[in-house]
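What follows is a set of notes on a single structure, which appears directly below.
Reckoned from all heavy atoms, side chains included, excluding hydrogens, waters and symmetry mates.
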Amino acid sequence: MRDRVLAALADLEAAGEIPAGLDTSNVSVEPPRDPAHGDMATNAAMVLAKPAGRKPRDIADALARRLDSVPEVDSATVAGPGFLNLRLAPSLWAGLVEHVRAEKAFGRSEIGGGERVNVEYVSANPTGPLHVGHVRGAVFGDALASLLDFTGHAVTREYYINDGGAQVDVLARSVYLRYLQAHGREVEFADGTYPGDYLIAVGESLKDEVGEAYVDQPEDVWLEKVRVFATDAMMDLIREDLRILGVKMDMFYSEKSLYGTGRIETAIERLRAQDLIYKGTLEPPKGKLPSDWEPREQTLFRSTEHGDDVDRPIMKSDGSWTYFAPDIAYHYDKIDRGFDQLIDVLGADHGGYVKRMKAAVSALSNARVPLDVKLCQLVKLTKDGQPFRMGKRTGNFITLRDVVDQVGPDVTRFMMLTRKNDAPLDFDFDKAVEQSKDNPVFYVQYAHARVRSVMRKAADLGVEPGAPNLADPAEIDVARKLAEWPRLVEIAARAHEPHRVAFYLYDLAQSFHALWNRGNDDASLRFLQEGDAQATAGKLSLPLAVAVVISSGLGILGVTPAEEMR
RNA sequence: GCUCGCAUAGCUCAGCUGGAUAGAGUGUCGGCCUCCGAAGCCGAAGGUCCCAGGUUCGAAUCCUGGUGCGAGCACCA
C-alpha cells in the first residue's frame, strides 16, 4: 500500500504540484490506532509540507485526489492536521485472507538477508540442574532465535559451558564427598560445597565406575578425573532439562576447550596488537570499599577505549586468567566463525558485564560485529499468594523440572514471554495451573482450538473452504489484525523482542473470540451456515487464516497450538 | 558514589522506534448460553503517561536535569 502512496507522490511530483527530489523515507503508511479513522493512514502531507514549502492540507488534498482513482482504495479523506485516511475496498481484505490461508508462510520475511546470527543463551554453570531463574533466559533466547530464523537470519543457538573455572572444582569436591558417602563414610559438607541431593546419584555412579580407587587418596589423584565425570553428569542433567522445556541447542561450546590450545593467548595478542593490553593498578572503586581492598598490579584490558567505564583485569595477580579472558577468547571464536551479529542472553545479575564484553567484541572485530546483550530480569514466583524463596546455600531451590512438571512446557514458555525481558516477571503458580482466562496461553490456544473444531465439523459436512466473503465489521476487524502480522514480526525481530509476538497473538485471539460471539447474536456471522454449503465455504477461510497465523506465532514461541481443549 | 534498567487506570502490564480522543487484562457495576465449545462475548466507570525543562507541525515515546524502585560495581564465574 505504501508503494501506491509513493507512486501517487511521484505523480504529483511529475505534475509539478510538489517539488522534485523530496525525501520520502519518513513517509509512513500504517493502520491508524483508531480503526474508525480508516484502514490505512499516511502522514505524507505533514512530513513533506515543510521541505515542499506548501501547507500540509494542500498536499493532502492533492494526494487524496490521486489515490481516489486507485481501484483498491474505496475512499481517501483528509483529517486533522493533514492525515490522509484511506478506506480500502472489502475485496482487498478478502484477497488478503485468501492469501494467508493458502500461504502458510505468511509473515515470514527475508529482512535478515541470510545474516549469520549467533544467539547464546542459558549457559548455566554445569554444577546442578537448571532452576527457575534459568527458565526465563532459556525460553527468551529460544524464542528470539526462532524469531530471527523466521525473518530470514541464519541462526545458531549456542550454550557456553563454564567448565573451566573454580566452580567446577567445587563441584568435583562435592561429588567426591558423595562418593565417599556411597562407600559408607561419614562426611561433612563444609561451606563452599554444593550440598544438593542431586549429587548423591552422581557419587554413587562414580563409585560404580571406579570402585574404591579414589578413597583415601589425595586430591591431586582424583580431582581432574572427578571434575570431568561430574561436569559430564551435570551436562546430562541440563540437556535433559532443556529437552523437557523444548529447547534445542545447535552447539555446546566448552570453556575448558579453550585452555591449553593457545586460543586465549591469540585473542589477547590481538588486543595487545591494538595497544589495548597493559600492566597497571586499578583505582579502588568509588563509594563503599570492600574491606579487604588493596592495590594490585594486574594485566588489564583497556576497555575504556571502547566505551567501558574502567579498564578490566584479564589476569589475576598470580598470573592466571580471570574468567574474563576465556570469555574474550570465546567471543573472538564466534567472530572468527564468521557471525555477522552476536546476541548474549544473560541474567540481570550480569549487568555489570555488558560494557566490557561489548568493548571486547568491538575491539576484536574492528567494530564490524555488533553484540547485543539481552538481560533477563528476575522471575518472582508466587504460590498461594506467598513468594517462593530459594536458598542456594541449602541446595533447596525450585528447579526447571518442578515448574515444567506442574504446569507443562507450553504454559511455562508462554508465561515467560508475557513480559519484556528487562522488566521483572511475576510467575503465579496457581494461575498457571488454573487454566482459566487469567491464563493468556489458554486464551490463545482456545482460539486455535475453536478453529479446529469448526474445521472438523465442516469436514463432517463435506464442505471445503472457498473464496472468502467478508462484509461485517467484526470480520474486517479480524482481517485487519491478520494484516498486521508481517509488520509486527519485523518490528519484534529488529528490536529483539519476542514478547511482542505473545501480545499480538493475544490481541488476535481477542478479535477472533469477539467475532465468534457475534455469531451468537447474528446467525449470518457463524462460520457454519446451516444447510448452505456455499455460504459456509465462504466463511471458512477467515478462521483458517487465523489458525495459520496463530500456529506460526506459537511456533516462534515454541508453544504447541491446541487441537482441542480438554 | 558510579553504571545499567524500570516508572502509564485501584492492581498487573501493552503501546507498532514521533502521530489523531493513551489501550488490554484484572478488580467494581450492568447485560448475553433452546445457539459452530460461555475456558467466551458486549457495555459502564476508572488517567497530572513520576517531576521540570528542551527538540518540532506533533512527545507516553527522543535529549538534558531531578525523584523513586530494582540489579550490578577489584585477583567469583
Side-chain angles (χ1 to χ4, degrees), chain A residues 26 28 30-34 36-37 41 43 46-47 49-50 56 79-83 85 125 127 162 164-168 255 281-290 292-296 298 308-310 312-313 315-324 326-327 347-355 375 377-378 418-420 422-424 426 428 434-440 442-443 445-447 449-451 453-458 484 487-488 490-492 494-495 499-500 503-504 506-507 510 513-521 523 526-530 536 539 543 564-565:
Chain A
N26 285 330
S28 67
E30 303 168 359
R33 226 180 244 170
D34 184 350
H37 290 131
N43 61 354
M46 285 179 296
V47 172
K50 200 168 190 183
F83 282 100
N85 292 325
N125 289 342
T127 54
N162 284 106
Q167 78 282 0
V168 285
E255 175 193 357
T281 306
L282 286 174
E283 294 287 309
K286 303 270 197 294
K288 277 173 264 166
L289 259 188
D292 56 345
W293 162 266
E294 60 186 50
R296 292 187 193 88
Q298 295 167 299
D308 202 357
D309 307 306
V310 293
R312 305 291 177 176
M315 211 178 252
K316 303 175 193 172
S317 49
D318 66 5
S320 64
W321 298 116
T322 65
Y323 71 93
F324 187 36
D327 275 2
D349 53 341
H350 290 71
Y353 168 91
V354 175
K355 281 190 177 182
L375 297 178
Q377 285 290 337
L378 295 175
T418 52
R419 205 105 309 164
K420 57 186 163 209
D422 45 17
D426 290 315
D428 189 325
E434 202 172 280
Q435 312 198 352
S436 76
K437 63 184 172 180
D438 285 339
N439 186 334
F442 285 87
Y443 190 75
Q445 291 194 318
Y446 185 34
R450 276 180 151 174
V451 175
S453 165
V454 168
M455 292 309 145
R456 283 191 296 270
K457 290 212 156 78
E484 290 174 22
R487 189 175 142 75
L488 178 116
E490 287 192 16
I491 290 165
R494 267 192 242 279
H499 75 277
R500 289 175 188 268
F503 281 98
Y504 168 82
Y506 189 87
D507 274 358
Q510 187 163 42
H513 286 309
L515 172 60
W516 180 288
N517 271 72
R518 288 287 311 280
N520 290 339
D521 303 328
R526 297 181 193 172
F527 300 124
L528 299 176
Q529 296 292 312
E530 206 168 337
T536 301
K539 293 287 185 190
E564 56 183 340
M565 309 300 283

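- Comparing the same atom, P, in B/rA45 and in B/rA59 gives a spacing of 27 Å after rounding to whole Å.
- Taking atom C1' in both B/rG25 and B/rA14, one finds a spacing of 10 Å when rounded to whole Å.
- For B/rG72 and B/rU26, the C1' atoms lie 33 Å apart once the distance is rounded to whole Å.
- In the set B/rG40, B/rU3, B/rA77, B/rU3 carries the atom at the smallest distance from any side-chain atom of A/Asp309.
- Side-chain proximity of A/Leu528 to the nucleotides B/rA77, B/rC41, B/rC36 is greatest for B/rC36.
- Rounded to the nearest Å, the gap between the P atom of B/rG18 and that of B/rC62 is 7 Å.
- Without hydrogens or angle criteria, A/Gln167 side chain to A/Asn162 main chain gives a donor-acceptor distance under 3.5 Å.
- Distance NE2 (A/His499) to P (B/rU17): 13 Å, rounded to an integer number of Å.
- Comparing B/rU67 with B/rG53, their C1' atoms sit 15 Å apart, to the nearest whole Å.
- Across all strands shown, A/Arg494 has no heavy atoms under 4.0 Å from either base or sugar-phosphate atoms.
- We find that CD of A/Gln510 is positioned 15 Å from C1' of B/rA39, with the value rounded to whole Å.
- If A/Asp422 and A/Gln529 are placed on RNA chain B by their nearest nucleotide, the residue sitting closer to the 5' end is A/Asp422.
- Atom CZ in A/Phe442 sits about 17 Å away from atom P in B/rA38, given to the nearest Å.
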* Dot-bracket summary - RNA chain B, pairs being Watson-Crick or G-U whose distances fall under 3.5 Å, with | when paired to another strand -> (((((((..((((.....[...)))).(((((.......))))).....(((((..]....))))))))))))....

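- For A/Ser453, the side-chain atoms get nearest to B/rC36 when compared with the rest of B/rA77, B/rC36, B/rU12.
- For the pair A/Glu255 (side chain) and A/Gly164 (backbone), a donor-acceptor distance under 3.5 Å is present.
- For A/Arg487, the side-chain atoms get nearest to B/rU17 when compared with the rest of B/rA71, B/rU17, B/rG40.
- Evaluation of atom-type donor-acceptor distances gives a pair under 3.5 Å for the side chain of A/Arg526 against the base of B/rC35.
- In this structure, A/Phe324 atom CZ and B/rC76 atom C1' are separated by 15 Å, rounded to whole Å.
- B/rC69 and B/rU55 have their C1' atoms separated by 29 Å, with the value rounded to a whole Å.
- Rounding to whole angstrom units, CZ of residue A/Arg518 and P of B/rC33 are separated by 16 Å.
- Relative to the side chain of A/Tyr446, the nucleotides B/rG40, B/rG15, B/rA20 differ in distance, and B/rG40 lies closest.
- A/Trp516 has no side-chain polar atom (N or O) that falls below the 4.0 Å cut-off from OP1 or OP2 of B/rC35.
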* Asked: What do the steps show when you test A/Asp318 against A/Ser320 for side chain to side chain donor-acceptor pair (under 3.5 Å), and what is the final call?
  -> CA-CA 6 Å; A/Asp318 66 5; A/Ser320 64; 2.8 Å; yes

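- Using a 4.0 Å heavy-atom distance criterion, A/Ala495 is classed as a base contact.
- For A/Asp349 against B/rG72, no side-chain N or O and base N or O form a donor-acceptor pair under 3.5 Å.
- Contact annotation: A/Lys457 side-chain N/O to B/rG37 OP1/OP2 distance is under 4.0 Å.
- One finds the CZ atom of A/Arg419 at 5.5 Å from the CZ atom of A/Phe503 (value rounded to the nearest 0.5 Å).
- In this entry the base of B/rC33 is syn relative to its sugar, with a glycosidic angle within 90° of 0.
- Here A/Gly352 lies in heavy-atom contact (under 4.0 Å) with sugar-phosphate atoms only.
- A/Gln377 has its CD atom 17 Å from the C1' atom of B/rU12, to the nearest Å.
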* **A/Thr322/A/Met315 under side-chain contact (heavy atoms from CB on, under 4.5 Å): CA gap, chis, key distance, verdict** => CA-CA 5 Å; A/Thr322 65; A/Met315 211 178 252; 5.6 Å; no

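- Using atom C1' as the reference point in both B/rC73 and B/rU61, the two lie 30 Å apart (nearest Å).
- If you measure from atom NE2 of A/His350 to atom C1' of B/rG70, you get 17 Å, rounded to the nearest angstrom.
- Residue contacts for A/Phe503: at a heavy-atom cut-off of 4.0 Å it reaches the sugar-phosphate backbone alone, with no base atom in range.
- Across all strands, A/Asp426 comes closer than 4.0 Å only to sugar-phosphate atoms, never to a base (heavy-atom distances).
- Partners of A/Phe324 by ring-ring contact (aromatic ring centres under 6.0 Å, His included), not counting sequence neighbours: none found.
- The side chain of A/Lys355 lies closest to B/rU3 when the candidates are B/rC36, B/rC41, B/rU3.
- Close to B/rC13, at under 4.0 Å from its OP1 or OP2, lies no side-chain N or O of A/Lys420.
- Across B/rC50 and B/rA22, the matching P atoms stand 15 Å from one another, rounded to whole Å.
- Comparing B/rA24, B/rC41, B/rG72 by their nearest atom to the side chain of A/Ala514 picks out B/rC41.
- For A/Tyr506, whose side chain is taken as the heavy atoms from C-beta onward, the closest listed nucleotide among B/rA38, B/rA24, B/rA71 is B/rA24.
- Not one side-chain nitrogen or oxygen of A/Arg500 sits closer than 4.0 Å to the OP1 or OP2 atom of B/rC13.
- Of the N and O atoms on the side chains of A/Arg500 and A/Tyr504, not one donor lies less than 3.5 Å from an acceptor on the other residue.
- Interatomic distance, A/Tyr443 OH to A/His513 NE2, rounded to the nearest 0.5 Å: 5.0 Å.
- Side-chain atoms of A/His513 lie closest to B/rC41 of the nucleotides B/rG15, B/rG37, B/rC41.
- Comparing atom distances between the A/Arg419 side chain and each of B/rA14, B/rA77, B/rG40 picks out B/rA14 as nearest.
- Residue A/Glu255 is classed as a sugar-phosphate contact, given heavy-atom separations below 4.0 Å to backbone atoms only.
- A/Tyr353 and A/Asp327 are linked by a side-chain donor-acceptor pair at a separation below 3.5 angstrom, with hydrogens and angles left out of the test.
- In this structure, the CZ atom of A/Arg312 is 16 Å from the P atom of B/rC2, given to the nearest Å.
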